[in-house]
Structure formats: C-alpha cells, structure tokens
> 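Take a look at this one; I'll ask things after.
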Amino acid sequence: MDLAALGHGLELLSDIRLREGVDRTAFEARLHDVPQVVAAMRLTGDYDYQLRVACADAREFKNVVDRLKAGLGVREARSRLLLHEVPLGPDRLLSP
C-alpha cells in the first residue's frame, strides 16, 4: 500500500518499552485505536515492541507518541525515520 498516496508519507520505526506492570494483551488491543500504527511486533531484548508508524508530518507523529505514553502505558519510545524499504519478500526462502 502506498502510504504517501494516503497522505501518510512519514514512516517511522519505533522501539517501545512499556511501563512496569502494563498488561501486554491490553496494550496490543489498544493499538487498534491508533490508526497511524500500521504494524506491531513483540520483541525479545531491551524493548518490548517495534511499531511501524505512518504519519502526515512530524507534528502528527509527536501526537502519536504522546498518546502512546499517556494512554497506552509506554515508558520509552526510540524512533527512527524510515528512508527506504528494500523489497525482499518471503519467496526468497524458496530460491536455491
């Protein structure tokens, strides 16, 4: 899907650390209420989740982070701007 064509051309990857005691199932369910979060993966390691966020601009992204921190139990968000996605795809697993 062309997110830029939908007016959401600013894409970011955000590593998320939840506050102690936040219920992960509830956090995941509440992500459905944040339309700018277009993908979420639970992780091992220092961070609990990685979110892919699509916004119109930096101000909208700031609002998303504020919402995650205020209402969803996020303690820390470490974000990086997505410059370009390399199209690899799972069909590569079938190649010798």
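Hydrogens, waters and symmetry mates play no part in the numbers below; they use all other heavy atoms, side chains included. Here the structure is a predicted model, which means the values were calculated and not measured.
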> Just verifying a value: how many Å separate S79 OG and D15 CG, rounded to the nearest 0.5 Å?
7.5 Å
> Please name the pair of heavy atoms, one in E11 and one in A54, separated by the smallest distance, quoted to 0.1 Å.
CG-CB, 4.3 Å
> Evaluate salt bridge (Lys or Arg N to Asp or Glu O under 4.0 Å) for D33 paired with R67, printing each intermediate quantity in order.
CA-CA 10 Å; D33 298 331; R67 183 175 181 185; 5.4 Å; no
> Return yes when atom CZ of R80 has more than 12 non-hydrogen atoms of other residues, nucleotides or ligands closer than 6.0 Å, and no otherwise.
yes
> Say whether L93 and V86 are linked into one hydrophobic cluster, either directly or through other cluster members, by side-chain heavy-atom distances under 4.5 angstrom.
no
> Between L88 and L94, is there a shared hydrophobic cluster once you connect ILVMFWY residues whose side-chain heavy atoms come closer than 4.5 Å?
no
> When you measure from the side chain of D48 to the backbone of L18, do you find a donor-acceptor pair of N or O atoms at a distance under 3.5 Å?
yes
> Measuring from Q50:CD to R42:CZ, what's the distance to the nearest 0.5 Å?
15.0 Å
> Considering non-hydrogen atoms only, spot the tightest contact between F61 and L12 and give its length.
CD1-CD1, 3.5 Å
> Is there a path of hydrophobic side-chain contacts, each under 4.5 Å between heavy atoms of I/L/V/M/F/W/Y residues, joining L13 to L51?
no
> Is any side-chain N of the basic residue among D46 and R17 closer than 4.0 Å to the acidic one's carboxylate O?
no
> Could you tell me the separation between the OG atom of S14 and the CG atom of L68, rounded to the nearest 0.5 Å?
7.5 Å
> Is there a donor-acceptor pair closer than 3.5 Å between any side-chain N or O of R30 and the backbone N or O of T25?
no
> Out of curiosity, E20 CD to R75 CZ, how far, rounded to the nearest 0.5 Å?
7.5 Å
> Passes side-chain contact (heavy atoms from CB on, under 4.5 Å), R78 versus Y47? Steps please.
CA-CA 9 Å; R78 183 177 141 217; Y47 290 89; 3.5 Å; yes
> Minimum heavy-atom separation for F27 to L72, with atom names?
CD1-O, 3.3 Å
> Could you give the distance from OH (Y49) to CG (L31), rounded to the nearest 0.5 Å?
7.5 Å
> Is it possible for you to say whether V22 and I16 belong to one hydrophobic cluster, with membership spreading through side-chain heavy-atom contacts below 4.5 Å?
yes
> How long is the gap from CD on Q36 to CG on L10, to the nearest 0.5 Å?
11.0 Å
> In terms of hydrophobic clusters joined by side-chain contacts under 4.5 Å, are V64 and L81 together?
yes
